[in-house]
Amino acid sequence: MEQYRTRSPHDGPRRGTPPPAHLPPPAHLPPQARRPPAGAERGPSRQSATPRAPRVRPSQPTAPARRGLPGPRLTGLGGGLFCTLAMYLLGWLDLLLFDASLTGYGVLFLPVCVLTALWVRGGDLLTAPVVVPIAFGVGLFPLTDGGAGLLARLMGLFTGLATQAAWLYGGTLIAGVIVLVRRVRWVRERRRRAATDLGATPGRNPR
């Protein structure tokens, strides 16, 4: 009769099977080889014990936004040449198209004054109201009658300046107002920029 071999419950686990998780590690192993069971809580790591502080980058002052009508920035000399050349060419244009109409010349003078006051750069703003009347007189030369010589042309020039004084004063006044507004804004912008640079410089206290 064939007998089956039975295994007693005290023989221990079979080979190749891991020990149960609830059992403590064998006593014959050194402390370094004893590992905690799966799922056991580990101590705080070095990174969690000493958290790094986030880096704070120094804030840089933002450049002020440019406002106003975009266009070329002329120097004082460039603004004077632009205004004078424009009025001289407009004088010839008025002679060809409107038969030397002084009223038409005065109307064309106003936008030239506005452009001159807007296109001159901030450091040379005060030159715009000075060059505008000079350009008005230069543009009158093609409109005067020069058949009788230089003296007659000069007399026609002074007559044109006297009769068209309203356009001359009006254009100069418009240029002066634009220059005044731009000058105030330019000074404020420079002060704001200087205060921003002074506050952003480390180790300096504004007085």
Hydrophobic clustering (ILVMFWY, side-chain heavy atoms < 4.5 Å, transitive) - are L173 and V107 grouped together?
no
Flag side-chain contact, heavy atom, 4.5 Å: F98 against L93
no
If two hydrophobic side chains count as joined below 4.5 Å and joins carry through other members, does V179 share a cluster with L81?
no
Taking all heavy atoms of F136 and all of Y105, pick out the closest pair and write down the distance.
O-OH, 2.7 Å
Roughly how far, to the nearest 0.5 Å, is CZ of R153 from CG of L157?
9.5 Å
Transitively linked via ILVMFWY side-chain contacts under 4.5 Å: L96 with L102?
no
Got a sec, which residues hit side chain to side chain donor-acceptor pair (under 3.5 Å) with W92, two or more places apart in sequence or on another chain?
Y88
Can you find a heavy atom in the side chain of L143 that is under 4.5 Å from one in the side chain of L140?
yes
Contact check, side chains of V114 and L118, non-hydrogen atoms, under 4.5 Å
yes
Write down the atom of A135, the atom of C83, and the distance for their closest heavy-atom approach.
CB-SG, 3.4 Å
Looking only at heavy atoms, the pair that brings A86 and V112 closest together is CB-CG1, 4.2 Å
Closest non-hydrogen contact found for L125 with V120 is CD2-O, 3.7 Å
side-chain contact (heavy atoms from CB on, under 4.5 Å) between V184 and R188: does it pass, once the steps are laid out?
CA-CA 6 Å; V184 172; R188 289 181 179 178; 3.8 Å; yes
Given L90 and F109, is the side-chain contact (heavy atoms from CB on, under 4.5 Å) satisfied, shown in steps?
CA-CA 8 Å; L90 289 177; F109 174 66; over 6 Å; no
For the atom pair OG1 (T103) and CG (D94), what is the distance rounded to the nearest 0.5 Å?
9.0 Å
Quick check: closest heavy atoms across G79 and L74, and the distance to 0.1 Å?
N-CB, 3.8 Å
Looking only at non-hydrogen atoms, find the nearest pair between R182 and R121 and report the distance.
NH2-C, 4.1 Å
If hydrophobic clusters are built by linking Ile, Leu, Val, Met, Phe, Trp and Tyr wherever their side-chain heavy atoms come under 4.5 Å apart, do V132 and L161 end up in the same one?
yes
Given T84 and V131, is the side-chain contact (heavy atoms from CB on, under 4.5 Å) satisfied, shown in steps?
CA-CA 8 Å; T84 303; V131 300; 5.6 Å; no
